[in-house]
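Throughout, a chain's letter reflects where its sequence line sits, starting with A, and its residues are numbered from 1.
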Protein chains: 2
Amino acid sequence: MKYKHLYWWGRKRRYDGERPTGSPRTLKTVSRAFDLVRALEELDGAGVTELSEYLDLSKSVVYNYLSTLRSEKFVVKEGDTYRLSLQFLLVGEYVRYQNTLYRIGKSELEDLAEKTGEFAHLATEQHGLGVNLYKVSGEKAVGSDYQVNKLQRADYLHFSATGKAILAHLPRERVEWIVDRYGLPSKTESTITDREDLFEELETIRERGYSLNDEEEITGLQAIGAPVTNRHGRVLGSISVSGPVRRMKRSEYHEQLIEEVVNTANVIEVNINMEETDDEFPTFS
Amino acid sequence: MKYKHLYWWGRKRRYDGERPTGSPRTLKTVSRAFDLVRALEELDGAGVTELSEYLDLSKSVVYNYLSTLRSEKFVVKEGDTYRLSLQFLLVGEYVRYQNTLYRIGKSELEDLAEKTGEFAHLATEQHGLGVNLYKVSGEKAVGSDYQVNKLQRADYLHFSATGKAILAHLPRERVEWIVDRYGLPSKTESTITDREDLFEELETIRERGYSLNDEEEITGLQAIGAPVTNRHGRVLGSISVSGPVRRMKRSEYHEQLIEEVVNTANVIEVNINMEETDDEFPTFS
DNA sequence: TATAGGTGTTTGTATTTCACAAACCATCGA
DNA sequence: TCGATGGTTTGTGAAATACAAACACCTATA
């Protein structure tokens with residue numbers, strides 16, 4: 001349980017008191033409301049007293065926040081414990097559907113999983129972390145139960161095939177920022193933990209057009225990833241297939257998989273560019 | 001687009017000024033923050049000025065709210081338009097995973113879709129509306145593209161097989177409340193729109209143990225549903241399979257499907273009761 | 001190249017609204 | 001019956017927010 005929220009919610013909040021001039025004012029009350037949302041997630045639901053101790057706020061304050069969130073339908077009360085409601089799921093599904101990469105890429109990813117029989121992922125980047133937009137399990141996929149049911153979290157970009165494919169196509173300064181912000185924590189002994197090594201790897205990925213995760217996240221698991229960029233060269237996200245190293249490494253099969261992945265990424269790109277006739281794609285922030 | 005949010009976000013907010021004594025205080029600032037979230041959903045992203053007109057708030061106020069939501073990572077800014085972020089999806093996935101019915105029922109539902117080849121749904125109730133927790137498309141499933149990709153929304157309970165199975169096992173006064181609150185709008189000419197008809201139907205459903213949606217939501221589509229209750233008799237949600245009337249109505253096949261659906265619901269119930277050894281299940285609100 | 005009109009952003013300040021503590025009210029078990 | 005442990009309500013001072021107006025920036029157009 002300790003690992004769960006280590007890097008997830010980001011660093012400690014800075015309330016308005018200590019705000020440097022020139023940066024936007026933020027509303028304490030709103031921030032607290034989201035502190036409560038986070039707390040409810042971290043505690044898997046809780047009562048008023050528990051939350052008031054956890055957040056160091058008076059009981060009545062917590063009660064008022066919960067009542068408000070409840071009236072907004074983002075929180076439900078079961079007996080005396082408050083929980084986050086399915087409203088979050090509904091809004092979440094809306095947001096996902098808004099995402100062009102998901103909308104266009106979903107069915108292609110399903111085809112990819114079907115064709116290869118392996119496990120396929122569709123990911124994008126937000127706030128310097130990777131978010132899985134969709135996963136499909138192919139016929140041969142192993143550990144699929146673990147992978148499908150694993151809780152969906154934002155995770156580091158530097159140790160997954162999807163993540164590295166994205167990093168390779170972000171502007172260098174953005175990658176620098178991400179590394180500064182989150183570091184390069186290791187998951188296995190193969191994880192890239194050195195900054196220069198990472199930049200070399202990203203260079204390689206750019207040259208050959210696909211990324212490889214060689215047991216860098218989970219021992220025994222290899223993944224092949226490819227970026228999806230729009231016509232302006234901005235990376236929208238990436239896809240990957242993954243499976244046990246033993247199978248994935250067999251050379252003909254390996255080549256064939258690379259082919260399939262890169263090809264699928266390409267098809268998605270084409271379809272996206274057909275939809276997005278001529279909109280601008282400004283940079284995220 | 002008009003239909004989209006007709007009944008979704010609920011009725012107009014009542015701020016604290018006009019609060020009847022004895023009901024909890026609610027925080028204006030928090031409510032406004034969620035007004036912004038709603039607005040961003042309704043407008044599919046928007047700029048400061050647009051939002052300030054839409055919500056009748058001053059530009060600077062909107063700007064401050066957006067800045068706060070952004071610092072909480074629930075909103076991103078692309079160029080000059082603000083959008084809801086994937087954070088909602090992540091929290092939503094967490095909430096879904098917290099749901100016992102989803103956690104236990106998911107794989108059983110997949111089996112059901114596989115066995116029958118039809119389209120299968122797993123749904124629950126919240127705030128008097130139905131929420132789909134999961135959907136799987138079987139081999140033979142038709143219109144599956146529409147159904148899978150259809151935007152996930154909370155919808156009325158009275159015209160779906162899953163919804164009616166749930167209603168049939170809620171306390172009468174709760175059903176009364178729901179009907180008072182949302183009415184019985186019709187989707188096709190077969191939709192039940194009369195209160196007494198509905199209660200009779202629910203009685204029938206309770207007696208025979210499954211529900212039927214006979215082109216009440218979509219012309220040409222039939223669905224068979226069954227409730228999932230815990231050992232205390234509280235309904236946790238329901239499942240269904242659906243397909244074209246022509247196929248679904250063939251009598252042997254029909255019987256067989258009913259059998260499969262009821263059976264699956266049963267298996268889920270057993271598994272849930274094994275997990276939830278002896279917790280109380282208080283009533284929602 | 002200047003200018004008008006459209007953005008998003010910043011600031012000062014009045015005043016609304018929130019935070020706190022303490023009282024209150026259930027429920028449960030000893 | 002009593003005490004302990006929750007959640008809920010209320011009055012009031014202190015602090016955070018809402019507003020308007022000024023600002024900076026961009027783009028189109030004269």
Side-chain angles (χ1 to χ4, degrees), chain A residues 13-36 39-40 43 45-72 75-83 279-280 282-285, chain B residues 13-36 39-40 43 45-72 75-83 279-280 282-285:
Chain A
R13 195 158 336 290
R14 191 219 263 329
Y15 285 129
D16 204 49
E18 30 177 324
R19 173 178 59 92
T21 53
S23 80
R25 294 182 185 176
T26 86
L27 308 183
K28 235 175 178 159
T29 311
V30 176
S31 293
R32 278 212 195 114
F34 283 99
D35 287 345
L36 265 148
L40 285 174
L43 300 171
V48 175
T49 309
E50 189 179 358
L51 285 166
S52 106
E53 282 161 12
Y54 190 77
L55 295 169
D56 197 32
L57 288 169
S58 78
K59 280 204 301 178
S60 55
V61 169
V62 170
Y63 179 74
N64 287 337
Y65 277 92
L66 289 172
S67 299
T68 312
L69 288 169
R70 200 144 86 91
S71 86
E72 299 296 331
V75 160
V76 288
K77 186 182 167 193
E78 300 170 24
D80 274 346
T81 81
Y82 291 82
R83 297 182 183 286
D279 308 349
E280 271 304 289
T283 49
F284 270 87
S285 67
Chain B
R13 196 157 336 291
R14 194 219 259 334
Y15 287 127
D16 204 49
E18 29 177 325
R19 173 179 58 94
T21 54
S23 81
R25 292 182 186 178
T26 105
L27 308 184
K28 234 174 178 160
T29 312
V30 176
S31 294
R32 284 221 185 105
F34 285 98
D35 287 346
L36 265 149
L40 285 174
L43 300 171
V48 175
T49 309
E50 190 179 358
L51 286 165
S52 105
E53 281 162 12
Y54 190 76
L55 295 169
D56 197 32
L57 288 169
S58 78
K59 279 204 301 177
S60 54
V61 170
V62 170
Y63 179 74
N64 287 337
Y65 276 93
L66 289 173
S67 299
T68 312
L69 289 169
R70 200 143 86 91
S71 86
E72 299 295 331
V75 159
V76 289
K77 188 183 166 191
E78 299 170 25
D80 275 344
T81 81
Y82 290 82
R83 297 182 184 285
D279 309 348
E280 272 303 291
T283 48
F284 271 87
S285 68

(request) For residues Leu51(B) and Leu66(B), determine if any side-chain heavy atom of one lies less than 4.5 Å from a side-chain heavy atom of the other. (result) yes

(request) List the steps, then state whether side-chain contact (heavy atoms from CB on, under 4.5 Å) holds for Val30(B) with Thr26(B). (result) CA-CA 8 Å; Val30(B) 176; Thr26(B) 105; over 6 Å; no

Expressed in angstrom and rounded to an integer, what is the separation of [X] atom [atom1] from [N] atom [atom2]?
X        : N       : atom1 : atom2 : answer
Arg70(B) : dT9(C)  : CZ    : P     : 7 Å
Lys28(B) : dC18(C) : NZ    : P     : 8 Å
Leu66(B) : dT9(C)  : CG    : P     : 9 Å
Asp80(B) : dC25(D) : CG    : P     : 13 Å
Leu27(B) : dC18(C) : CG    : C1'   : 7 Å
Tyr63(A) : dC25(C) : OH    : P     : 14 Å
Glu53(B) : dG6(C)  : CD    : C1'   : 11 Å
Leu51(B) : dA18(D) : CG    : P     : 15 Å

(request) Note down the inter-axis angle between the two ends of the helix from dT1(C)-dA30(D) to dA30(C)-dT1(D), five pairs each, to the nearest 10°. (result) 30°

(request) State, to 0.1 Å, how close Lys77(B) and Gly79(B) come at their nearest heavy-atom pair, and which atoms those are. (result) CE-O, 3.2 Å

With respect to the phosphate group of [N], does any side-chain polar atom (N or O) of [X] fall under 4.0 Å of OP1 or OP2?
X        : N      : answer
Lys77(A) : dT8(D) : yes
Thr49(A) : dG7(D) : yes
Tyr82(A) : dT8(D) : yes

(message) For the OG1 atom of Thr68(A) and the OH atom of Tyr63(A), what is their distance to the nearest 0.5 Å?
(response) 10.0 Å

(message) By nearest heavy atom, map Thr29(A) and Thr81(A) onto DNA chain D; which one lands nearer the 5' end?
(response) Thr81(A)

(request) Evaluate the criterion side-chain contact (heavy atoms from CB on, under 4.5 Å) for residue pair Leu57(A) and Arg32(A); output intermediate values, then yes/no. (result) CA-CA 10 Å; Leu57(A) 288 169; Arg32(A) 278 212 195 114; 4.0 Å; yes

(request) Looking only at side-chain atoms of Val48(B), point me to the closest of dG7(D), dT9(C), dA18(D). (result) dT9(C)

(message) My understanding is that only residues two or more places apart in sequence, or in another chain, count here; which of them pass side chain to side chain contact (heavy atoms under 4.5 Å, CB included) with Glu53(A)?
(response) Thr49(A)

(message) Using a 3.5 Å distance criterion without hydrogens, assess whether the side chain of Ser52(A) forms a donor-acceptor pair with backbone atoms of Val62(A).
(response) no

(message) The criterion is side chain to side chain donor-acceptor pair (under 3.5 Å); which residues satisfy it with Ser60(B), sequence neighbours excluded?
(response) Ser58(B)

(message) One pair to check against side-chain contact (heavy atoms from CB on, under 4.5 Å): Ser31(B) and Glu72(A). What are the steps and the verdict?
(response) CA-CA 7 Å; Ser31(B) 294; Glu72(A) 299 296 331; 3.0 Å; yes

Between protein and nucleotides 19-24 of chain D, what N or O pairs are separated by less than 3.5 Å?
{"from": "dA20(D)", "atom 1": "N6", "to": "Ser60(B)", "atom 2": "OG", "distance (Å)": "2.7"}

